[in-house]
Amino acid sequence: PPMTASEKDGLRLSVEKCWNVNVGSQAANVIVTVSISMNPDGSVISNSLSLKESQGGSEDAVHAAFQAARRAILRCQGKSYDLPEEKYDYWREIEFTFDPKKMRIK
């Protein structure tokens, strides 16, 4: 079976907690989508992280936003993410969209 909504939310929340956005920087106005490949043990293949697309900001701001997203993904995994091994085909390739506006608390 595919990943459940709660499994996807758990992964998203575990990455979000390590994502730091400097609200005063230009990167705070950039949305980036990052694609990654995963090993069967739930660890990220570190050289697989790539910028798939971006919205807003200069080239430097996009680069800063991508680097912040990359650090969050790698930092939060610890040894690996806790993902259901039997669903590896569904999480082997993942795309995360980092949108600073959705991260802010009002």
Side-chain angles (χ1 to χ4, degrees):
M3 288 180 68
T4 65
S6 68
E7 289 167 338
K8 289 179 184 178
D9 282 345
L11 178 59
R12 180 184 54 80
L13 290 171
S14 62
V15 171
E16 262 182 22
K17 71 182 178 185
C18 292
W19 186 39
N20 295 315
V21 179
N22 179 350
V23 178
S25 76
Q26 289 297 315
N29 300 314
V30 177
I31 300 169
V32 293
T33 300
V34 177
S35 67
I36 65 171
S37 297
M38 306 284 285
N39 289 307
D41 69 355
S43 62
V44 176
I45 300 171
S46 60
N47 66 352
S48 73
L49 283 93
S50 64
L51 177 64
K52 181 154 182 171
E53 62 184 28
S54 65
Q55 292 179 289
S58 66
E59 187 176 325
D60 287 342
V62 168
H63 178 73
F66 170 69
Q67 291 304 319
R70 184 181 184 286
R71 282 190 301 274
I73 292 167
L74 294 174
R75 186 181 308 135
C76 274
Q77 77 173 327
K79 291 183 180 178
S80 67
Y81 287 104
D82 185 21
L83 296 166
E85 190 175 326
E86 69 276 6
K87 297 180 181 181
Y88 177 62
D89 287 342
Y90 291 97
W91 53 263
R92 177 187 338 210
E93 302 286 330
I94 298 175
E95 289 182 4
F96 287 99
T97 299
F98 292 82
D99 183 348
K101 291 178 181 153
K102 292 183 180 178
M103 295 294 294
R104 293 189 186 127
I105 298 172
K106 293 185 179 181

Open item on the list: Please say yes or no: joined through hydrophobic side-chain contacts below 4.5 Å, possibly via intermediate residues, are Y88 and Y90 part of one cluster?
Closed with: yes
Task: Between CG on residue D89 and CE on residue M3, distance to nearest 0.5 Å - done: 12.5 Å
Open item on the list: Could you work out, with salt bridge (Lys or Arg N to Asp or Glu O under 4.0 Å) as the rule, every residue matching D82, not counting sequence neighbours?
Closed with: none
TODO: Calculate, to the nearest 0.5 Å, the distance between atoms OG and CD belonging to S14 and Q77 respectively.
DONE: 10.0 Å
- [ ] Kindly state each residue pair satisfying side-chain hydrogen bond (donor to acceptor under 3.5 Å, both in side chains) with at least one member in residues 40-57, sequence neighbours excluded.
- [x] S35-S50, N39-S43, D41-S43, K52-E95
Task: Close side-chain approach of W19 to P100, heavy-atom, < 4.5 Å - done: yes
TODO: Measure across V30 and G56 and return the closest heavy-atom pair with its distance rounded to 0.1 Å.
DONE: CG2-O, 3.4 Å
- [ ] List the atom of F96, the atom of R12, and the distance in Å for their closest heavy-atom pair.
- [x] CE2-CA, 4.5 Å
- [ ] Mind checking side-chain hydrogen bond (donor to acceptor under 3.5 Å, both in side chains) for E93 and listing every partner two or more places apart, or none if nothing turns up?
- [x] S37
Task: Qualifying disulfide bond (SG atoms under 2.5 Å apart) pairs with a residue from residues 26-73, counting only residues at least two apart or across chains - done: none
Task: side-chain hydrogen bond (donor to acceptor under 3.5 Å, both in side chains) partners of N20, counting only residues at least two apart - done: none
Open item on the list: Side-chain heavy atoms nearer than 4.5 Å, only ILVMFWY residues, links allowed to pass through others: does that put I31 and V21 together?
Closed with: no
Task: Counterpart residues, side chain to side chain contact (heavy atoms under 4.5 Å, CB included), relative to A64 (two or more places apart) - done: A27
Task: Which residues share a side chain to side chain contact (heavy atoms under 4.5 Å, CB included) with P84, sequence neighbours left out - done: E7, E86, K87, W91
TODO: Would you give the length of the straight line joining atom CD of E16 to atom CG of L11, rounded to the nearest 0.5 angstrom?
DONE: 10.5 Å
TODO: Could you tell me the separation between the CE atom of M38 and the CD1 atom of I94, rounded to the nearest 0.5 Å?
DONE: 4.5 Å
Open item on the list: Which residues pass the salt bridge (Lys or Arg N to Asp or Glu O under 4.0 Å) test with K8, not counting sequence neighbours?
Closed with: none
Side-chain donor-acceptor pairs of residues 66-76 under 3.5 Å, sequence neighbours excluded:
unit_1: R75; atom_1: NH1; unit_2: C18; atom_2: O; d: 3.0

TODO: Would you please name every residue forming a side-chain hydrogen bond (donor to acceptor under 3.5 Å, both in side chains) with S25, sequence neighbours left out?
DONE: none
